[in-house]
Chemist: 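Following this message is one structure expressed as structure tokens.
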Amino acid sequence: MKWILKKFDALSVHELYTILRLRSEVFGVEQHCVYQDVDNKDQSCYHLMGLINDQLAAYTRIVPPGVSYAEASIGRVVTSALHRRTGLGRELMNESIRRLYELFGKAPVRIGAQLYLLEFYSSLGFIQTGDVYDEDGIAHIQMLLS
């Protein structure tokens, strides 16, 4: 596994295309969710890419404090279908949290998680902080890692 973290302006056109393609495959096609993935937050964020054999296998968007929430956040968490059920999702989140702490210090991290992943995020130390809400037809919850 090779991890690459870049600010938006440092992404190559190829990297950006690959990121957007993976996000579209999973969030749009697989999850049958019609929503505006390109939301004008990418430009303010850091993009963590996990490569296996030079192919994008996993990705997160690391969001600075004040962009989505008062706290820093991790979003657009996605693993390629080819690499699921291998532990890569846990590795991706652990690497994302580590990189977020390097960037912004060890402060609370807030996420908007899909409800079906409650147990997964809880196992990483996140705690549910609100009621279930609908986002683009999918049940979500806010969670906080203190």
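Side-chain atoms are counted along with the backbone in the values below, which use heavy atoms only and exclude waters and symmetry mates.
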Chemist: Roughly how far apart are I4 CD1 and E15 CD, rounded to 0.5 Å?
Modeler: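 With rounding to 0.5 Å, CD1 (I4) is 6.0 Å from CD (E15).
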Chemist: Which heavy atom in P65 sits nearest to a heavy atom in A70, and how many Å separate them?
Modeler: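 Smallest interatomic distance, heavy atoms only, reads CB-O, 3.3 Å.
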Chemist: Assess whether atom CD of Q43 is packed by more than 12 heavy atoms of other residues, nucleotides or ligands within 6.0 Å.
Modeler: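 Enclosed: over 12 neighbouring heavy atoms sit under 6.0 Å from CD of Q43.
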Chemist: Tell me whether D131 at atom CG has more than 12 heavy atoms from other residues, nucleotides or ligands lying less than 6.0 Å away.
Modeler: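 Count not over threshold, so no.
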Chemist: Is any side-chain heavy atom of R23 closer than 4.5 Å to one of D42?
Modeler: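 Side-chain contact under 4.5 Å: yes.
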Chemist: Would a 4.5 Å heavy-atom cut-off, applied to side chains only, mark L88 and M1 as touching?
Modeler: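 In contact.
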Chemist: Return each pair, listed once, that meets side chain to side chain donor-acceptor pair (under 3.5 Å) where at least one residue sits in residues 62-71; pairs must be two or more places apart or across chains.
Modeler: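 Sorted result for residues 62-71: K41-S68, E71-R110.
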Chemist: Identify whether M93 and Y101 are in the same connected component of the hydrophobic contact network (ILVMFWY, side-chain heavy atoms under 4.5 Å).
Modeler: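 Yes, one cluster joins them.
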Chemist: Give, for atom CD of Q128 and atom CG of L115, the distance between the pair rounded to the nearest 0.5 Å.
Modeler: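 With rounding to 0.5 Å, CD (Q128) is 7.5 Å from CG (L115).
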Chemist: What verdict does the side chain to side chain contact (heavy atoms under 4.5 Å, CB included) test give for E25 and S80, after you've listed the backbone C-alpha separation in whole Å, the side-chain angles of each residue and the deciding distance to 0.1 Å?
Modeler: CA-CA 9 Å; E25 284 173 6; S80 159; 5.8 Å; no
Chemist: Among the clusters formed by ILVMFWY side chains lying less than 4.5 Å apart, do F120 and L145 turn up in the same one?
Modeler: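 Yes; tracing contacts between hydrophobic side chains, which count when under 4.5 Å, links both residues.
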Chemist: State, yes or no, whether a side-chain contact exists between L11 and M49 at a heavy-atom distance under 4.5 Å.
Modeler: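 Side chain of L11 against side chain of M49, heavy atoms only: contact under 4.5 Å found.
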Chemist: Could you give the distance from CZ (R98) to CG (L103), rounded to the nearest 0.5 Å?
Modeler: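 So the gap between those two atoms works out to 10.0 Å.
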Chemist: Roughly how far apart are L56 CG and L51 CG, rounded to 0.5 Å?
Modeler: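 L56 CG to L51 CG: 6.0 Å, rounded to 0.5 Å.
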Chemist: Quick check: are there more than 12 heavy atoms from other residues, nucleotides or ligands sitting under 6.0 Å from CZ of R21?
Modeler: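 Not buried by this count: 12 neighbours or fewer within 6.0 Å.
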Chemist: Do I111 and Y133 belong together in a cluster built from hydrophobic side chains that touch within less than 4.5 Å?
Modeler: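 In one cluster: no.
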Chemist: Determine whether more than 12 heavy atoms belonging to other residues, nucleotides or ligands lie under 6.0 Å from atom OH of Y17.
Modeler: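 No, OH of Y17 has 12 or fewer neighbouring heavy atoms, counting only those of other groups under 6.0 Å.
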Chemist: Same cluster or not: are W3 and L5 linked, directly or through other Ile, Leu, Val, Met, Phe, Trp or Tyr residues, by side-chain heavy atoms under 4.5 angstrom apart?
Modeler: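 Linked, W3 and L5 end up in one cluster.
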Chemist: Quick check on the hydrophobic clustering: are I141 and V63 connected, directly or via other members, by side-chain heavy-atom contacts under 4.5 Å?
Modeler: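 Each belongs to a different hydrophobic cluster.
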Chemist: Looking only at atom types and distance, does a side-chain atom of R76 sit under 3.5 Å from a main-chain N or O of Y59, one as donor and one as acceptor?
Modeler: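 Looks like no, no N/O pair under 3.5 Å.
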Chemist: Give a yes or no answer on whether the side chain of S24 reaches the backbone of L20 with a donor-acceptor pair at less than 3.5 Å.
Modeler: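 No: the side chain of S24 does not pair with the backbone of L20.
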Chemist: Quick check for you: to the nearest 0.5 Å, what is the distance between L100 atom CG and I74 atom CD1?
Modeler: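 Separation between the atoms: 5.0 Å.
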Chemist: Given side chain to side chain contact (heavy atoms under 4.5 Å, CB included), test D39 with R61 step by step and report yes or no.
Modeler: CA-CA 12 Å; D39 59 2; R61 177 168 82 174; 2.9 Å; yes
Chemist: About how many Å separate CD1 of I62 and OG of S44, when rounded to the nearest 0.5 Å?
Modeler: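 So the gap between those two atoms works out to 14.0 Å.
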Chemist: Under 4.5 Å between any side-chain heavy atoms of F126 and I97, yes or no?
Modeler: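 A side-chain contact exists here, since the closest heavy-atom pair is under 4.5 Å.
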Chemist: I'd like to check T60 versus V77 (side-chain heavy atoms, cut-off strictly below 4.5 Å). Are they in contact?
Modeler: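 Heavy-atom side-chain distance check passes, below 4.5 Å.
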Chemist: Of the non-hydrogen atoms in P64 and F104, which two are nearest, and what is the gap between them?
Modeler: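 Distance-wise, the nearest heavy atoms are CA-CZ, 3.6 Å.
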Chemist: Would you check if the side chain of H47 reaches a backbone N or O of L16 as a donor-acceptor pair within less than 3.5 Å?
Modeler: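 Such a contact is absent between H47 side chain and L16 backbone.
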Chemist: Tell me whether T129 contacts the main-chain N or O of Q142 through its side chain, where contact means a donor paired with an acceptor under 3.5 Å.
Modeler: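 Confirmed, T129 side chain pairs with Q142 backbone.
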Chemist: Can you tell if the side chain of Q55 reaches within under 4.5 Å of the side chain of T18, non-hydrogen atoms only?
Modeler: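 The answer is no; the side chains never approach within 4.5 Å.
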Chemist: Answer whether the closest heavy-atom distance between the side chains of H140 and I138 falls below 4.5 Å.
Modeler: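 Heavy-atom side-chain distance check passes, below 4.5 Å.
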